[in-house]
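Quick notes on the structure that follows.
Not measured: the values here are computed from a predicted model.
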Amino acid sequence: MKIAFVTDDHKTISAHFGRAAFYEIFTLEDGKVTEREARPKPGHDQFAGEPHGEGPGHARGTGPAAEGRHLRMVGVIPDCQVLVARGMGHGAFENLKRQGIQPILTEMNEIEAALEVYRDGRLVDRPERLH
């Protein structure tokens, strides 16, 4: 299985899914890390020139325009089953789930420490970190 962490520096977990520049991805087999890779992640910077309006009847971060942006962000990690961030919007959270990726929101800062806690089955999901 593969677990992705959103990051800007390959060491710490980003506080906002949409703004992070990279995914740090770990392949786990029998509880052991067998591969680690970094992938560039599309984010808010790349979408700056696009209309941000979500359309009538849609909350911020939801609706067709936002969903399209989220799909591009997730499009580079279709092989991952879990994504860890320190925060994200409701729209991104729901879009990840629709793509079959379990979003986990954590208060932990360091990727390596959070990975260890996840491997031990003790990484606590903090849905109050949704914004």
Side-chain angles (χ1 to χ4, degrees):
M1 69 128 347
K2 290 189 178 187
I3 180 171
F5 293 84
V6 291
T7 185
D8 290 307
D9 62 6
H10 307 283
K11 296 176 187 172
T12 58
I13 303 167
S14 177
H16 194 287
F17 168 72
R19 293 188 181 119
F22 302 99
Y23 292 112
E24 198 70 18
I25 301 167
F26 296 84
T27 302
L28 300 176
E29 293 179 12
D30 298 321
K32 295 183 173 124
V33 175
T34 58
E35 185 178 347
R36 178 178 183 161
E37 66 176 302
R39 295 181 194 169
K41 182 191 142 305
H44 287 304
D45 291 346
Q46 290 90 346
F47 308 137
E50 297 179 16
H52 198 68
E54 274 65 25
H58 294 285
R60 188 176 188 323
T62 64
E67 185 169 343
R69 290 188 296 270
H70 297 146
L71 289 174
R72 284 185 277 169
M73 289 183 218
V74 175
V76 297
I77 58 165
D79 54 337
C80 295
Q81 292 75 44
V82 176
L83 177 127
V84 179
R86 288 192 305 132
M88 73 177 60
H90 289 275
F93 186 83
E94 292 303 323
N95 280 313
L96 282 161
K97 292 193 310 187
R98 279 195 289 276
Q99 297 303 311
I101 299 173
Q102 175 193 4
I104 297 176
L105 300 174
T106 183
E107 75 285 349
M108 296 186 74
N109 193 46
E110 300 294 323
I111 291 174
E112 296 278 347
L115 179 63
E116 280 303 310
V117 173
Y118 178 83
R119 288 173 49 198
D120 291 342
R122 298 181 294 115
L123 187 61
V124 177
D125 186 21
R126 302 283 184 195
E128 68 271 13
R129 297 186 72 89
L130 283 169
H131 53 265

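With respect to the salt-bridge test (charged N to carboxylate O, under 4.0 angstrom), the residues Glu24 and Arg36 qualify.
Formation of a donor-acceptor pair under 3.5 Å by the Asp8 side chain with backbone atoms of Ala21 is found in this model. For Asp30 (side chain) and Lys32 (main-chain N/O), no donor-acceptor pair under 3.5 Å exists by modelled atom type.
Distance check, rounded to the nearest 0.5 Å: OG1 of Thr12 to CD of Glu112 gives 12.0 Å. From Arg98, atom CZ reaches atom CZ of Phe93 across 11.5 Å, with rounding to the nearest 0.5 Å.
With a 4.5 Å cut-off on side-chain heavy atoms, Arg86 and Leu105 do not count as touching. Between Val33 and Arg119 there is a side-chain heavy-atom pair separated by less than 4.5 Å. Under the 4.5 Å side-chain criterion, counting only non-hydrogen atoms from C-beta, Met88 is in contact with Leu83. Contact annotation: the side chain of Thr7 never approaches that of Tyr23 to less than 4.5 Å [non-hydrogen atoms, C-beta and beyond]. Within the 4.5 Å cutoff, no side-chain heavy atoms of Asn95 are placed close to those of Val74. Contact of the Ile77 side chain with the Gln99 side chain is not registered, since no non-hydrogen atoms from C-beta on lie closer than 4.5 Å. By the 4.5 Å heavy-atom criterion applied to side chains, Lys41 and Met73 are counted as neighbours. Counting only heavy atoms from C-beta outward, the side chains of Gln81 and Lys2 approach each other to under 4.5 Å.
Across all non-hydrogen atoms, the minimal contact from Val84 to Ile13 is O-CG2, 4.0 Å. For the pair Leu123 and Val117, the tightest heavy-atom approach, listed with the atom from each and the gap, is N-CG1, 3.3 Å. Residues Pro40 and Phe22 come closest through the heavy atom pair CA-CD2, 3.9 Å. In terms of heavy atoms, Cys80 sits closest to Ile25 at SG-CG2, 3.8 Å. A pairwise comparison of heavy atoms in Pro103 and Leu96 identifies CB-CD1, 3.9 Å as the closest pair. Closest non-hydrogen pair, Gly89 versus Leu130, comes out as O-CD2, 3.8 Å.
When hydrophobic clusters are built by joining Ile, Leu, Val, Met, Phe, Trp and Tyr residues whose side-chain heavy atoms come closer than 4.5 Å, directly or via intermediates, Phe17 is not grouped with Ile111. There is no path of hydrophobic side-chain contacts, each under 4.5 Å, that joins Ile101 to Ile3. Side-chain heavy atoms closer than 4.5 Å link hydrophobic residues (I, L, V, M, F, W, Y) into clusters, and following such links, even through other members, never connects Val76 to Val82.
Phe5 has its ring centre less than 6.0 Å from the ring centre of Phe26.
Partners of Tyr118 by ring-ring contact (aromatic ring centres under 6.0 Å, His included), not counting sequence neighbours: none found.
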